[in-house]
Protein chains: 2
Amino acid sequence: MTARRNEPEQSGTGLRERILDTLRELLRERTFDTLSVAEIITAAGVSRASFYFYFAGKQAVLAELVRRAVGAGHEAAQPWVQAKASPRETLRMGIDAGAGLWQSNAAVLRAIVESWASDPQLRELWLAQMATFTEAAITRIEADRRADPTVQARLDGVDVPALAASLTWTGERLYYLAACGVPPFDDRAVLVDTLTHLWVSALYD
Amino acid sequence: MTARRNEPEQSGTGLRERILDTLRELLRERTFDTLSVAEIITAAGVSRASFYFYFAGKQAVLAELVRRAVGAGHEAAQPWVQAKASPRETLRMGIDAGAGLWQSNAAVLRAIVESWASDPQLRELWLAQMATFTEAAITRIEADRRADPTVQARLDGVDVPALAASLTWTGERLYYLAACGVPPFDDRAVLVDTLTHLWVSALYD
DNA sequence: GCATGACCGGACAGGTTGTATGGTCCGGTC
DNA sequence: GACCGGACCATACAACCTGTCCGGTCATGC
């Protein structure tokens with residue numbers, strides 16, 4: 001009997017945004033898999049029906065959050081992809097930017113890393129994301145290879161796409177562990193140094 | 001009314017083993033998280049009560065399987081840890097042995113990688129496992145460092161424990177992706193070559 | 001013969017998901 | 001001012017799940 005229109009407190013356009021914001025907020029303290037739809041809608045002040053009107057399930061909400069979070073990721077990687085100069089420096093900066101990105105969106109990214117295996121939609125989304133980063137890395141590596149004979153020599157006989165993918169996934173894992181607070185990666189400096197060492201030694205040294 | 005003693009078909013000592021075998025078998029076709037206790041006990045021909053008598057839950061069964069599977073892993077790594085000669089070759093062989101191990105136990109290892117985040121027991125188990133491998137790597141690296149001035153120079157200023165942990169986790173991830181059939185890692189040769197390249201370039205080149 | 005340990009079916013409380021039903025409010029339109 | 005449709009809500013539901021508890025059955029050993 002009480003379909004009182006909610007006070008327009010929340011700025012957002014409507015329930016959809018409110019649900020997204022709520023999940024992002026909840027993920028700060030709880031793990032994605034321990035969160036039930038009931039909890040989300042209670043926290044969001046939204047009815048069950050409305051929730052399912054906007055989203056197919058909690059995975060769909062997470063997927064949207066991930067899409068938004070990772071958008072910024074590509075921009076972070078751009079400098080290294082495009083730069084003409086000093087691979088090492090731009091590389092290190094890119095890695096540090098990645099760390100920053102993960103720090104800002106730790107909850108959401110952690111959630112998808114832990115969940116992509118269990119949901120086809122999330123799986124496709126995350127694999128595509130990683131593929132994009134790998135693509136960017138390949139582009140840059142090939143450019144360096146053509147420009148610098150030393151690099152050319154070092155990478156002789158190496159499967160560059162596979163190497164690029166490996167480095168991308170190594171990043172994923174280490175950033176994730178950092179987000180989980182697993183030592184020694186919880187120390188950002190150590191994380192960035194080590195990851196940089198891996199990339200540099202694999203590609204340029 | 002029908003507590004007919006099961007035909008002693010299954011060789012095993014008892015239900016416990018039967019449950020373990022059954023889960024390992026089921027994991028070949030199904031994902032751990034989609035498996036319910038009901039399915040496991042049906043397949044094992046065991047009552048619900050018996051199941052909970054032997055195990056606290058399906059996670060506990062998985063934990064036991066993992067413990068057994070990983071035991072062999074340490075043996076696989078031993079040659080590289082102890083060998084006095086040619087790091088590269090023993091390293092490559094160790095990595096290949098790891099690939100073999102993952103191939104034989106793909107289902108179980110895949111399951112734990114996908115589940116350790118969601119269960120404290122599994123988390124501790126897996127982190128401990130990784131720590132053990134990291135320890136072994138550190139031991140060997142430090143030995144090489146003392147023995148070989150070139151290595152000493154290359155690793156100057158490098159956080160060896162962190163590097164060793166990174167390489168360990170990189171292995172975890174790539175083996176896992178291979179087990180999932182994600183290209184290009186589904187090709188064992190590519191996997192081993194790439195992983196070897198990463199280790200060698202990070203440590204010795 | 002009888003206690004005991006190993007094992008069963010069945011039932012239960014409490015939690016989960018996704019869907020369906022019917023009703024309330026609002027901002028328009030005629 | 002009557003009316004409509006869109007946005008939204010509470011509630012109920014079927015179909016699972018999990019862990020726990022119970023009374024009953026069988027084989028063995030004493």
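Each chain gets a letter, A, B and so on, in the order its sequence line appears, and its residues count up from 1.
Atoms CZ (A/Phe53) and C1' (D/dG5) sit 13 Å apart, rounded to a whole Å. Atoms CG (A/Asp33) and P (D/dC17) sit 18 Å apart, rounded to a whole Å. The distance between atom CD1 of A/Ile19 and atom C1' of D/dC8, rounded to the nearest whole Å, is 11 Å. Atom pair B/Phe55:CZ and C/dC7:P shows a separation of 12 Å (rounding to whole Å applied). Rounded to whole Å, the distance from CD1 on B/Ile40 to C1' on D/dC16 is 16 Å. Rounded to whole angstrom, the span from the CG atom of A/Leu15 across to the C1' atom of D/dG6 amounts to 12 Å.
Checking side-chain atoms of A/Glu39 against main-chain N and O of A/Ser36 turns up a donor-acceptor pair under 3.5 Å. Between the B/Arg67 side chain and the B/Gly71 main chain, no donor and acceptor come within less than 3.5 Å of each other.
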I need a per-nucleotide contact map over nucleotides 14-21 of chain C, read 5' to 3'. Cutoff is protein heavy atoms under 4.0 Å; write B for the base, S for backbone only, - otherwise. --SBBB--

Would you mind writing out the side-chain donor-acceptor pairs for residues 49-61 of chain A within the sub-3.5 Å range, not counting sequence neighbours?
unit_1	atom_1	unit_2	atom_2	d
A/Ser50	OG	A/Ser47	OG	3.0
A/Lys58	NZ	A/Phe32	O	3.0
A/Lys58	NZ	A/Leu35	O	2.8

All N/O donor-acceptor pairs, side-chain side in residues 156-166 of chain B, below 3.5 Å, sequence neighbours left out:
unit_1	atom_1	unit_2	atom_2	d
B/Asp159	OD1	B/Ala162	N	3.2
B/Ser166	OG	B/Ala162	O	2.8

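Residues that satisfy the side-chain hydrogen bond (donor to acceptor under 3.5 Å, both in side chains) test with B/Ser118, not counting sequence neighbours, are absent from this structure. Not counting sequence neighbours, A/Arg48 has no partner by the side-chain hydrogen bond (donor to acceptor under 3.5 Å, both in side chains) test. With sequence neighbours excluded, no residue forms a side-chain hydrogen bond (donor to acceptor under 3.5 Å, both in side chains) with A/Arg123. In this structure, A/Glu135 has no salt bridge (charged side-chain N to carboxylate O under 4.0 Å, His left out) partners at least two apart in sequence or on a different chain.
Backbone-only engagement by A/Tyr54 is indicated by non-hydrogen atom pairs under 4.0 Å involving sugar-phosphate atoms exclusively.
Distances shorter than 4.0 Å separate some side-chain N or O of B/Ser50 from OP1 or OP2 on C/dC8.
Applying the side chain to side chain donor-acceptor pair (under 3.5 Å) test to every pair with at least one member in residues 98-113 of chain B, sequence neighbours left out, gives these pairs: B/Gln103-B/Arg188, B/Arg110-B/Glu114.
Counting only Watson-Crick and G-U wobble pairs whose two key distances fall under 3.5 Å, DNA chain C forms stems of three or more stacked pairs at C:1-30 with D:1-30.
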